[in-house]
2 protein chains.
Amino acid sequence: MKTKNIKVTKQREIILDELRSLVTHPTADELYTNIKSRLPRVGLCTVYRNLERFYKEGLIGKIKGKPCRYDGKIESHNHIKCINCGKIEDLFVDIPVDTVEIDKLGYKLHSYKVEINGLCRKCNKESGRKKHVNKT
Amino acid sequence: MKTKNIKVTKQREIILDELRSLVTHPTADELYTNIKSRLPRVGLCTVYRNLERFYKEGLIGKIKGKPCRYDGKIESHNHIKCINCGKIEDLFVDIPVDTVEIDKLGYKLHSYKVEINGLCRKCNKESGRKKHVNKT
DNA sequence: ATGCAAATGATAATTATTATCATATGAAAA
DNA sequence: TTTTCATATGATAATAATTATCATTTGCAT
Ligand SMILES: [Mn+2]
Ligand SMILES: [Mn+2]
Ligand SMILES: [Zn+2]
Ligand SMILES: [Zn+2]
């Protein structure tokens, strides 16, 4: 009662394959650009449509934002984003949340995710030389 | 070297005052609607402009999303969002993050925030009666 | 009063995403 | 096989949220 047999099409195969091949977290548009060589006639909306579909089926991850980014990895993990260059990297660290307050509020916990911001090694080095960094 | 003397205008006073008076987390547009009675001639973009400005000055909080929501409370706290009705409530619970992996990756930790999703009491009750819930 | 920098509000532009719809596709039925 | 038919696709338009532009206004400092 979860994954309702999603039909395999050429575009779906390629979109999913391409996303899974990346260690980065591309936007729909970036992925669209990437697959153009393999699928010259694909439309951007097909990419959006299928990424959204995959996400709802639990096949891929999604990092909400403006723009949203997608993630080929679905093993539970978090992300750290560089506040300077915007890069997002995987972070495999368990973050336990105490549910006492959640229970008190009367909520039934469903899921949670930690959004971590930091300065990556590269930007950190550069900030030592330059005057100004940052563009959150 | 932080808050660079933000000029006080009538619209700024009212926008900030109104936001601070709310326990909810309004969107720019909702706040705009709210202040119409006090500032009939204000423009939506002034609301956006100043909320963004306040946020950058650290005077208010911002919950990124589509649409973004603003928060008059700046004491460190997290939020829990109902996956059914979309309501966002404050959650005062300390969530410690182990920085070992972050250090390993070479990042300098800046901030982090936990996005918790759950089913609120009201929606939970209703889901007992109704067939379908959910619209993440 | 006058000058002037900053803020405002009207408007247009942009960005990201979603909706609409005619056509294409491809597996299953006949 | 041809036909059927549900689903997917891609072109296009629409929408939502936010941001940019710019002429005008505001209100402190001369
Ligand atoms: Mn990831
Ligand atoms: Mn809050
Ligand atoms: Zn960086
Ligand atoms: Zn609810």
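Chain letters run A, B, ... following the sequence lines, proteins first, then strands; residues in each count from 1. Treat the numbers as computed from the prediction; the structure is a model and nothing was measured.
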May I have the distance from Tyr55(A) (atom OH) to dT18(C) (atom C1'), rounded to whole angstrom?
-> 17 Å
Length of the line joining Arg12(A):CZ and dA24(C):P, which is rounded to integer Å | 19 Å
For Lys56(A) and dT17(C), give me the distance from atom NZ to atom C1', rounded to whole Å.
-> 12 Å
Phosphate oxygens OP1/OP2 of dT7(D): is one of them under 4.0 Å from a side-chain N or O of Thr9(A)?
-> no
Test salt bridge (Lys or Arg N to Asp or Glu O under 4.0 Å) applied to Arg12(A) - qualifying residues, sequence neighbours left out | none
Phosphate oxygens OP1/OP2 of dG9(C): is one of them under 4.0 Å from a side-chain N or O of Gln11(B)?
-> yes
Could you give the CD1-to-C1' distance, from Ile15(A) to dG10(D), as a whole number of Å?
-> 12 Å
Whole angstrom value for the distance that separates P of dT25(C) from CD of Glu13(A) = 16 Å
What is the ring orientation for His79(A) with His25(A), classed by angle as parallel under 30°, tilted 30 to 60°, or perpendicular over 60°?
-> perpendicular
Scan Lys81(B), Lys87(B), Glu126(B) and name whichever one has a side chain to side chain contact (heavy atoms under 4.5 Å, CB included) with Cys120(B).
-> Lys87(B)
Send over the distance from Arg53(A) CZ to dT18(C) P, rounded to a whole Å.
-> 15 Å
Quick one: label Thr46(B) by what it contacts on the DNA or RNA (base, sugar-phosphate, nothing), any heavy atom closer than 4.0 Å.
-> base
Let me know the distance between CG of Leu39(A) and C1' of dT25(C), rounded to the nearest Å.
-> 14 Å
Sequence neighbours excluded - salt bridge (Lys or Arg N to Asp or Glu O under 4.0 Å) pairs with any residue from residues 17-35 of chain A | Asp17(A)-Arg38(A), Glu18(A)-Arg38(A), Glu30(A)-Arg69(A)
Ile6(A) CD1 to dT9(D) C1': how many Å, rounded?
-> 14 Å
Using the six-membered ring of Tyr55(A), assess whether NZ or CZ of Lys62(A) lies under 6.0 Å from its centre and within 45 degrees of the ring axis.
-> yes
Ion pair check, Glu13(B) and Lys10(B), cut-off under 4.0 Å | no
Heavy atoms from other residues, nucleotides or ligands near NZ of Lys108(A) exceed 12 (cutoff 6.0 Å) | no
Protein-to-nucleotide contact annotation, 5' to 3' order, nucleotides 16-30 of chain D [B base; S sugar-phosphate only; - none; under 4.0 Å, heavy atom] | -SBBB----------
